[in-house]
Student: 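Below you'll find the structure I mean.
In what follows, every chain begins at residue 1, and chains take the letters A, B, ... in the order their sequences are listed.
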Amino acid sequence: MANAIPSRSDNYSDWYNELVKRADLAENSAVRGCMVIKPYGYSIWEKMQRALDDMFKETGHLNAYFPLFIPKSYLSKEASHVEGFAKECAVVTHYRLKNAPDGSGVIVDPDAKLEEELIVRPTSETVIWSTYKNWIQSYRDLPLLINQWANVVRWEMRTRLFLRTTEFLWQEGHTAHATSDEAMAETRQMLEIYARFAEEWMAVPVIKGYKTANERFAGAEETLCIEAMMQDGKALQAGTSHFLGQNFAKAFDVKFQSKGGGLEYVWGTSWGASTRLMGALVMAHSDDSGLVLPPKLAPIQVVIVPIFRSEEQLDQITEKVKEITVGLRKKGISIKFDNSDANKPGWKFAEYELRGVPVRLAMGARDLENGTVEIARRDTKEKKTISLEGIVEYIEQLLEEIQQNIYNRALAFRVANTHKVDDYAEFKKILDEKGGFILAHWDGTSETEDRIKDETKATIRCIPYNAPEEDGKCILTGNPSKQRVLFARAY
RNA sequence: CGGGAUGUAGCGUAGUCCGGUCAUCGCGCCUGGUUUGGGACCAGGAGGUCGCAAGUUCGAAUCUUGCCAUCCCGACCA
């Protein structure tokens with residue numbers, strides 16, 4: 001193999017970085033910490049957007065767009081919110097440049113200083129709630145169910161393609177409700193949507209749960225999340241849904257008149273998922289040959305590679321291929337027929353494996369004679385020659401099977417790498433030797449959580465939903481505990 | 001922002017100690033031909049302010065100083 005990527009076992013992190021670049025998903029840009037998402041990577045993101053957006057619309061949400069800039073004063077209206085984000089905000093202080101007197105280029109015009117500095121949004125709660133104040137007067141205005149697709153900026157110290165970039169793309173939902181119960185139900189509903197998206201579209205199994213107070217969103221009363229396991233055993237948070245209580249309503253004075261005529265603060269939620277999902281998708285399924293994409297999100301689901309010695313042969317193959325592609329397209333399956341003469345078949349095979357195309361067909365003289373085609377699946381790398389008879393149905397079913405198979409594989413991996421541990425020494429040992437998820441008892445205090453984090457780098461990823469009640473002792477302090485929580489090292 | 005390292009063609013690199021036909025090699029790219037069932041081969045060709053700036057010197061990719069950028073390890077995070 002001339003251009004092999006690093007292997008996962010050699011260096012997982014190198015493997016990931018190389019794969020993202022080589023599969024043409026994204027690359028680093030001239031701007032520190034900001035990436036360029038390339039067309040192939042962006043196509044996957046568009047499919048993710050489409051699926052999520054459909055689910056949001058089905059549950060009654062509408063899209064809107066709020067400004068990129070936020071007046072600095074807004075950020076400080078909600079105390080814990082500003083504390084959470086202040087350290088990573090980009091700030092706009094001027095609005096004009098001018099030529100440098102010494103001719104060395106342009107400089108910031110000191111006369112163009114803004115009265116009030118603007119923050120580049122790290123998240124939009126504050127602008128949105130300041131707007132909601134004007135939109136909500138009566139219980140009849142509720143619930144208000146809004147989503148926006150946007151870019152946000154968080155000035156991170158260390159960045160990695162998709163997993164943590166200074167600027168990233170995401171969606172953020174912001175809803176307002178008349179009652180606490182209704183807002184909480186919305187919070188749960190949106191987490192369910194994220195979980196369903198992760199499992200049914202990305203083929204990534206997730207664990208749903210509550211964040212501890214330490215890990216909660218800045219300004220939220222409760223944060224729900226889904227956590228996925230990557231192939232190196234580390235956890236990745238794939239979506240969060242926050243119950244904001246009346247915090248932002250109070251900070252921005254958003255009240256409504258109830259049926260009974262009283263004035264009440266509204267209850268809020270916010271929920272988001274970002275281009276980080278792209279990183280999760282790569283790390284959950286791919287192998288040392290390249291990406292493995294779930295068929296539902298693959299920009300190209302089937303690639304057809306002709307093998308020919310002459311123009312006439314190519315023409316004959318093209319003719320045959322047409323019959324297949326017409327049938328596949330009718331089923332909504334995306335196909336690429338790569339008839340370019342620039343590269344040999346072997347090169348193409350390797351290239352489409354790198355790009356994670358779920359199904360590959362190869363057709364040559366041999367197949368023309370026999371009425372067959374060679375079919376290869378990306379997830380297992382199995383190859384076989386099959387008859388053209390019923391090929392469309394065969395492929396349709398195979399795509400479903402691949403989708404299911406990579407989910408099952410990821411689930412089996414997670415199960416195999418999740419351990420119940422009752423002893424702190426063993427806890428540390430498993431983290432260092434095996435990694436993965438650990439279910440252990442915790443006494444419920446932030447102090448204990450912090451100490452475990454300092455000593456092991458593992459954090460409580462979540463307090464899982466529906467965890468069975470079980471009396472136990474905190475792994476660190478020995479204090480009583482009612483249920484196990486999920487520990488892991490995380491991205 | 002602390003600790004470590006690195007900047008040579010689109011990418012990856014040799015040369016840096018010891019200054020002087022040294023700008024090396026591979027991939028990629030262009031042209032022509034032969035090829036095509038797992039990353040083809042031959043021939044020819046294009047492409048470089050050696051990160052930037054100043055200094056030392058007859059002479060700097062190489063030595064000195066300053067700056068800039070990137071990567072790794074920490075603190076911070078979706």
Student: Counting the atoms with a prime plus P, OP1 and OP2 as sugar-phosphate, which does L163(A) contact under 4.0 Å by heavy atoms, base, sugar-phosphate, or nothing?
Tutor: base
Student: Take atom P in C63(B) and the same atom in C18(B), then report the distance between them in whole Å.
Tutor: 9 Å
Student: Measure from NZ or CZ of K208(A) to the centre of the six-membered ring of Y465(A) and say whether it is under 6.0 Å with the direction within 45° of the ring axis.
Tutor: no
Student: Between E447(A) and R451(A), does at least one N-O distance fall below 4.0 Å, as a salt bridge requires?
Tutor: no
Student: Separation of E27(A) atom CD from U70(B) atom C1', in whole Å?
Tutor: 15 Å
Student: Could you check whether K211(A) gets within reach of a base, just the sugar-phosphate, or nothing at all, counting any heavy atom under 4.0 Å?
Tutor: nothing
Student: What class does the angle between the rings of F56(A) and H61(A) fall in, given that below 30° is parallel, 30 to 60° is tilted and above 60° is perpendicular?
Tutor: perpendicular
Student: A365(A) near the nucleic acid: base, sugar-phosphate alone, or nothing, with a heavy-atom cut-off under 4.0 Å?
Tutor: base
Student: I want to check one thing: is the phosphate of G37(B), taken as OP1 and OP2, less than 4.0 Å away from some side-chain N or O of R366(A)?
Tutor: no
Student: Once the angle between the rings of W201(A) and F197(A) is folded into 0 to 90°, is it parallel (under 30°), tilted (30 to 60°) or perpendicular (over 60°)?
Tutor: parallel
Student: Looking at E27(A) and K38(A), is any side-chain nitrogen of the basic one under 4.0 Å from a carboxylate oxygen of the acidic one?
Tutor: yes
Student: May I ask you to check whether F248(A) and H174(A) place their ring centers less than 6.0 Å from one another?
Tutor: no
Student: Which part of the nucleic acid does Q237(A) contact within heavy-atom distance under 4.0 Å: base, sugar-phosphate only, or nothing?
Tutor: sugar-phosphate
Student: Which listed nucleotide (C76(B), U36(B), U70(B)) is nearest to the side chain of R32(A)?
Tutor: U70(B)
Student: Nearest-Å distance, CD1 (I317(A)) to C1' (G37(B))?
Tutor: 10 Å
Student: Classify the nucleic acid contact of D341(A) as base, sugar-phosphate or nothing, counting any heavy atom under 4.0 Å across all strands shown.
Tutor: base
Student: Give the C-alpha distance, both sets of side-chain angles, the deciding distance and a yes or no for side-chain contact (heavy atoms from CB on, under 4.5 Å) between E78(A) and E125(A).
Tutor: CA-CA 10 Å; E78(A) 212 289 333; E125(A) 274 77 6; over 6 Å; no
Student: Taking atom C1' of C72(B) as reference, at what distance in whole Å does atom OH of Y12(A) sit?
Tutor: 19 Å
Student: Would you tell me whether R377(A) and T380(A) have side-chain atoms, one donor and one acceptor, within less than 3.5 Å of each other?
Tutor: yes
Student: Please give the stem ranges for RNA chain B, sorted by first residue number, where a stem is three or more consecutive Watson-Crick or G-U pairs and both donor-acceptor distances are under 3.5 Å.
Tutor: B:1-7 with B:68-74, B:10-12 with B:25-27, B:29-34 with B:40-45, B:51-55 with B:63-67
Student: What is the nucleic acid contact for T159(A), judged by heavy atoms within less than 4.0 Å: base, sugar-phosphate only, or nothing?
Tutor: nothing
Student: Counting only side-chain heavy atoms from C-beta out, which of G74(B), U36(B), U70(B) sits nearest to K457(A)?
Tutor: G74(B)
Student: Under 4.0 Å, heavy atoms only, any strand: does R360(A) hit a base, just the sugar-phosphate, or nothing?
Tutor: base
Student: Does a side-chain N or O of K348(A) approach OP1 or OP2 of G37(B) to a distance below 4.0 Å, or not?
Tutor: no
Student: Name the closest nucleotide to the I307(A) side chain, picking from G38(B), U36(B), G39(B).
Tutor: U36(B)
Student: Does any N or O donor sit under 3.5 Å from an N or O acceptor when you compare the side chain of D367(A) with the base of G37(B)?
Tutor: yes
Student: For K383(A) and G38(B), is the shortest distance between a side-chain N/O and OP1 or OP2 below 4.0 Å?
Tutor: no
Student: Would you kindly give the CD-to-C1' distance between E374(A) and G37(B), to the nearest whole Å?
Tutor: 7 Å
Student: With respect to the side chain of R22(A), which nucleotide from A40(B), U70(B), G39(B) is positioned closest?
Tutor: G39(B)
Student: Looking across every strand, which nucleic acid part, if any, lies under 4.0 Å from F168(A) by heavy atom: base, sugar-phosphate, or nothing?
Tutor: base
Student: Let me see the working for R121(A) and V127(A) under side-chain contact (heavy atoms from CB on, under 4.5 Å), right down to the final yes or no.
Tutor: CA-CA 9 Å; R121(A) 63 180 165 216; V127(A) 235; 5.7 Å; no
Student: To the nearest Å, give me how far apart CH2 (W347(A)) and C1' (G38(B)) are.
Tutor: 13 Å
Student: Using atom C1' of each nucleotide, how far apart are C11(B) and G28(B) to the nearest Å?
Tutor: 8 Å
Student: How does protein contact run along nucleotides 1-7 of chain B, one letter per nucleotide 5' to 3', with B for base contact, S for sugar-phosphate only, - for none, heavy atoms under 4.0 Å?
Tutor: -------
Student: Whole-Å distance between C11(B) P and D24(A) CG?
Tutor: 15 Å
Student: Return the value, rounded to whole Å, for the distance between atom CD of E18(A) and atom P of C72(B).
Tutor: 12 Å
Student: To the nearest angstrom, how far is Q313(A) atom CD from U36(B) atom C1'?
Tutor: 10 Å
Student: Is a salt bridge present between D287(A) and R8(A), judged by a nitrogen-to-oxygen distance below 4.0 Å?
Tutor: no
Student: Of A376(A) and S13(A), whose closest RNA chain B nucleotide lies nearer the 5' terminus?
Tutor: A376(A)
Student: Can you work out whether K87(A) or M363(A) has the more 5'-proximal nearest nucleotide on RNA chain B?
Tutor: M363(A)
Student: Please say whether the positively charged group of R414(A), taken as NZ for Lys or CZ for Arg, lies over the ring of F437(A), i.e. under 6.0 angstrom from the six-membered ring centre and within 45 degrees of the axis.
Tutor: no
